[in-house]
Amino acid sequence: MEIVAVIDFETTGLSPAQGDRATEIAAVLLQDGKVVGRYQSLMNAGVRIPSFIEELTGISNAMIRKAPPVADVMREVSDFVGGYPLVAHNASFDCKFWDAELARIQRSRRQEFACSMLLARRLLPQAPSHKLGALVQFVKLPITGRYHRALADAEMAASLLAWLEDELRGRYKVSEVSHELLRKIQKVPRNKLDQCLERHQRKVLAVQ
DNA sequence: TGCCAGGCCCTCTTTAGGGCCTT
């Protein structure tokens, strides 16, 4: 089964286009529902963290001052992740920062993102909220650390992804859950999900 | 001057508006 890299950024705000920068990143390699690799680092981009984000994440300006330069960390994490397909919770957010920080070191993304939030909206429409923490609680996954720290969030997003993949195999009888299938599911209208998965499964069986 | 993220998704929709989710 393919390895996917689940990543999570902590940042100074919501938008790199508005000058926000990364302060921490984690990447968790997931294979067959098991974590087979971890990377985590704070990083110093030379910018000030607003106080409400210091409170939200627990990452202080003092911590960032002592952290390695952002360029070194981004080189390391992009080497660590290599060409593995990427996953994040609300991937449109992490994708923006991944692309922006890589561009600053003259690198570019080689692979696509899948989004655990879009998948959860389709596979767990009954959840009271699709925030990462609420979903972890809803399906009773272990809390691996403080929310809004990169490694804890990446690990919980990885275990949520593994749970969603199990759901596809169990409830929907999908025999092969690929990153490509996840990207297809996350875009399909909710009322067309059953149809989409049935069609996928028929194709898989026809090839065998 | 005044604006300030943006993509997804639902609905009292589609010539739009507002909540959710990420920090």
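Since this is a predicted model, take the numbers as computed values, not measurements. In what follows, chains carry the letters A, B, and so on, assigned in the order in which the sequence lines appear, proteins first and then strands, with residues in each chain numbered from 1.
Using a 4.5 Å heavy-atom cutoff, the side chains of A/Glu155 and A/Arg38 are in contact. Counting only heavy atoms from C-beta outward, the side chains of A/Thr12 and A/Arg48 never approach each other to under 4.5 Å.
Within 4.0 Å (heavy atoms only), A/Phe97 reaches no atom of the nucleic acid at all. Counting non-hydrogen atoms under 4.0 angstrom, A/Thr12 reaches nothing in the nucleic acid. If you check every strand for non-hydrogen atoms under 4.0 Å, A/Thr23 touches nothing. Among the atoms of the strands shown, only primed sugar atoms or phosphate atoms (P, OP1, OP2) are found under 4.0 Å from some heavy atom of A/Asp8.
Nucleotides B/dG19 and B/dC12, compared at atom C1', are 15 Å apart to the nearest Å.
Ring pair A/Phe113/A/Trp98 is perpendicular by interplanar angle, where above 60° counts as perpendicular and below 30° as parallel.
If you measure from atom CD of A/Glu55 to atom C1' of B/dT23, you get 14 Å, rounded to the nearest angstrom. The separation between A/Leu124 atom CG and B/dC21 atom P is 13 Å, rounded to whole Å.
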Heavy-atom protein contacts under 4.0 Å, nucleotides 2-12 of chain B, coded B base, S sugar-phosphate only, - none: --BB--BSS--
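One finds a salt bridge joining A/Asp79 and A/Arg107 here, because a Lys/Arg side-chain nitrogen approaches an Asp/Glu carboxylate oxygen to under 4.0 Å. Taking a cutoff of 4.0 Å between a charged side-chain nitrogen and a carboxylate oxygen, A/Arg169 and A/Glu165 qualify as a salt bridge.
A sub-4.0 Å separation between OP1 or OP2 of B/dC20 and a side-chain N or O of A/His130 is absent. Side-chain N/O atoms of A/His89 include none lying less than 4.0 angstrom from OP1 or OP2 on B/dC21.
Rounding to the nearest 0.5 Å places CZ of A/Phe138 at 8.0 Å from NE2 of A/His130.
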